[in-house]
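Since the structure comes first, as structure tokens, the remarks are kept for the end.
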Amino acid sequence: MTLDLFQDCDLPSPGREELAPGAILLRGFARRRAEGLVAAIEEIAARTPFRHMQTPGGQHMSAAMTNCGPFGWISDRRGYRYEPSDPDTGAPWPPMPGIFLDLAADAAADAGFPGFLPDACLINRYEPGTRMSLHQDRDEQDLTAPIVSVSLGLPAIFLFGGLKRSDPSDRIALVHGDVVVWGGPSRLRFHGILPIREGTHALLGRQRINLTFRKAA
Ligand code: MD3
Ligand code: FE
């Protein structure tokens, strides 16, 4: 018999926090899987290296990026879009590792989005000083699917705004192993990352790595 002390009750589950309608923070959800995730990230980066993509305005992104899965998010002078191949190598993005797909589906299900099957994983690498300015994620076809984000390595302060750029934003600390599921009415909220503070993480050194699982097509 399964003992579930939380069934049929509205108390918050431990480690689960609703930041806003549709935005569910699962504290430490990926921690036990972190070593496996980092090994998989290293294999992906060996085939399709991290790079600072150019923006349509001609600047370079502060975070270094790569992708895995059927589609990868890219930015260049022509704009933002998903592509099936890495424009730098010409090869398809590496397949999404099983450990990635399992984590994304498990986290989404926990947050109330069963059956999440992402077709794109953007991998962002931050070093101390790297930031990501306030933006919306709206290059995906299916905006009813959530985005699942996984934080690894150095901590970050996440900015969680509203549906307009000018709306005020909350600041949320995200640490190694935290997973956030962004769906429903939170899917199009503006968000960003403040400059990463200097530090050293036991597993990742002077880095923060963020995985975002998306349904692009
Ligand atoms: C809220 N990445 O890759 S993850 C991105 O930490 C991105 O690297 C940040 O924003 C990072 O696009 C933040 C958290 C996140 C991701 C997608 C969201 C929050 C979101 C989509 C909608 C609302
Ligand atoms: Fe984003």
Side-chain angles (χ1 to χ4, degrees), residues 17-27 29-30 37 41 44-45 50-53 55 61-69 71-75 79-82 93 100 103-104 107-108 111 113 116 118-165 167-197 201 204 207-216:
E17 190 185 337
E18 188 165 23
L19 302 174
I24 319 296
L25 169 56
L26 305 170
R27 280 274 182 222
F29 192 88
L37 295 171
I41 293 163
I44 291 163
F50 285 103
R51 82 292 303 263
H52 294 273
M53 295 185 191
T55 65
M61 311 265 307
S62 178
M65 299 176 173
T66 189
N67 291 276
C68 66
F71 296 97
W73 185 89
I74 66 158
S75 173
Y80 308 131
R81 63 196 175 278
Y82 285 92
W93 302 103
F100 278 27
L103 173 63
F113 298 92
F116 180 56
D119 59 11
C121 176
L122 173 62
I123 308 174
N124 296 142
R125 187 187 67 197
Y126 299 74
E127 288 169 354
T130 304
R131 58 198 287 275
M132 190 172 286
S133 54
L134 217 54
H135 67 276
Q136 288 174 300
D137 288 22
R138 50 186 315 155
D139 302 321
E140 300 75 26
Q141 300 269 352
D142 179 6
L143 294 175
T144 69
I147 289 181
V148 173
S149 73
V150 180
S151 291
L152 297 169
L154 290 176
I157 296 176
F158 175 73
L159 296 174
F160 189 36
L163 293 176
K164 291 180 305 188
R165 185 181 291 280
D167 288 339
S169 35
D170 288 331
R171 292 173 176 215
I172 298 152
L174 292 179
V175 305
H176 181 69
D178 287 349
V179 176
V180 194
V181 180
W182 315 90
S186 288
R187 178 64 181 75
L188 285 176
R189 288 172 75 140
F190 278 87
H191 56 278
I193 295 284
L194 289 182
I196 300 294
R197 290 178 46 182
H201 185 266
L204 279 164
Q207 299 180 92
R208 170 176 187 264
I209 292 184
N210 178 263
L211 309 175
T212 47
F213 295 97
R214 299 133 185 276
K215 237 179 120 47

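Predicted, not measured: the structure shown is a model, and the values here were computed from it. In each ligand, atom 1 is the first atom listed, and ligand 1 is the first ligand listed.
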Note to self: What is the name of the N/O/S atom of Asp137 that is nearest to the Fe ion (ligand 2)?
What the structure shows: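 For Asp137, the N, O or S atom at the smallest distance from the Fe ion (ligand 2) is OD1.
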Next item on the list: Taking the Fe ion (ligand 2) as the reference point, name the nearest N/O/S atom of His191.
Entry: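 Of all N, O or S atoms in His191, the Fe ion (ligand 2) lies closest to NE2.
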Margin query: Phe213 and ring pair (Phe, Tyr, Trp, His ring centres under 6.0 Å): which single residue from Phe100, Phe71, Phe116 fits?
Written below: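 The passing option is Phe100.
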Between [X] and [Y], what is the shortest heavy-atom contact and its length?
X	Y	value
Val148	Ala108	CG2-CB, 4.1 Å
Leu174	Arg208	CD1-NH2, 4.2 Å
Arg214	Glu140	NH1-OE2, 3.1 Å
Leu154	Arg197	CD1-O, 4.1 Å
Phe113	Gly183	CZ-CA, 3.7 Å

Below the 3.5 angstrom mark, is there an N/O of [X], backbone or side chain, next to an N/O of ligand 1?
X	result
Arg187	no
Arg189	no
Asn210	yes

Show the atoms of ligand 1 that are less than 4.0 angstrom away from any heavy atom in [X].
X	result
Ile147	17 (C), 21 (C)
Ile193	6 (O), 9 (C), 11 (C)
Ser186	22 (C), 23 (C)
Ser149	4 (S), 14 (C)

Check: Would Ser169 and Phe190 count as a side-chain contact (heavy atoms from CB on, under 4.5 Å) if you check the C-alpha gap in whole Å, the side-chain angles of each, and the deciding distance to 0.1 Å?
Finding: CA-CA 8 Å; Ser169 35; Phe190 278 87; over 6 Å; no
For [atom], find the nearest protein heavy atom and state the residue, atom name and distance (0.1 Å precision).
atom	answer
atom 13 (C) of ligand 1	Phe158 CE1, 3.9 Å
atom 7 (C) of ligand 1	Met132 SD, 3.5 Å
atom 5 (C) of ligand 1	Arg214 NH2, 3.3 Å
atom 9 (C) of ligand 1	Tyr126 OH, 3.7 Å
atom 3 (O) of ligand 1	Asn124 OD1, 2.9 Å
atom 21 (C) of ligand 1	His191 CE1, 3.4 Å
atom 6 (O) of ligand 1	Arg208 NH1, 2.8 Å
atom 15 (C) of ligand 1	Trp182 NE1, 3.3 Å

Next item on the list: Output yes when a side-chain donor or acceptor of Arg125 lies under 3.5 Å from a complementary backbone atom of Ala63, and no otherwise.
Entry: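 It does not hold such a pair.
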Item checked: N/O donor-acceptor pair under 3.5 Å between Asp170 side chain and Phe160 backbone ->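 Pair absent, no side-chain N/O of Asp170 close to backbone of Phe160.
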Check: Under 4.5 Å between any side-chain heavy atoms of Asn210 and Met132, yes or no?
Finding: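 No, their side chains stay 4.5 Å or more apart.
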Notebook entry, point to check: With a 4.5 Å heavy-atom cut-off, do Asp139 and Arg81 have their side chains touching?
Noted result: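 Asp139 vs Arg81: side chains apart.
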Next item on the list: Nearest 0.5 Å please: distance from the CZ atom of Phe50 over to the CE atom of Met65.
Entry: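 Atom-to-atom, Phe50:CZ and Met65:CE are 10.5 Å apart.
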Next item on the list: Can you measure from OG (Ser133) to CZ (Arg165) and round to the nearest 0.5 angstrom?
Entry: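 Rounded to the nearest 0.5 Å, the OG-CZ separation comes out at 7.0 Å.
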Check: Which part of Leu122 is near ligand 1, with near meaning a heavy atom under 4.0 Å away: side chain, backbone, both or neither?
Finding: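 Under 4.0 Å from ligand 1, Leu122 contributes side-chain atoms alone.
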Note to self: Under 4.0 Å, heavy-atom basis, I'd like to know which part of Ser151 is in contact with ligand 1: side chain, backbone, both or neither.
What the structure shows: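 None of Ser151 does.
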Note to self: Heavy-atom contact check, 4.0 Å cutoff: does Val180 meet ligand 1?
What the structure shows: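 Distance cut 4.0 Å: Val180 fails for ligand 1.
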Check: Would you say His135 contacts ligand 1, with heavy atoms under 4.0 Å as the rule?
Finding: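 The answer is yes, since His135 has a heavy atom less than 4.0 Å from ligand 1.
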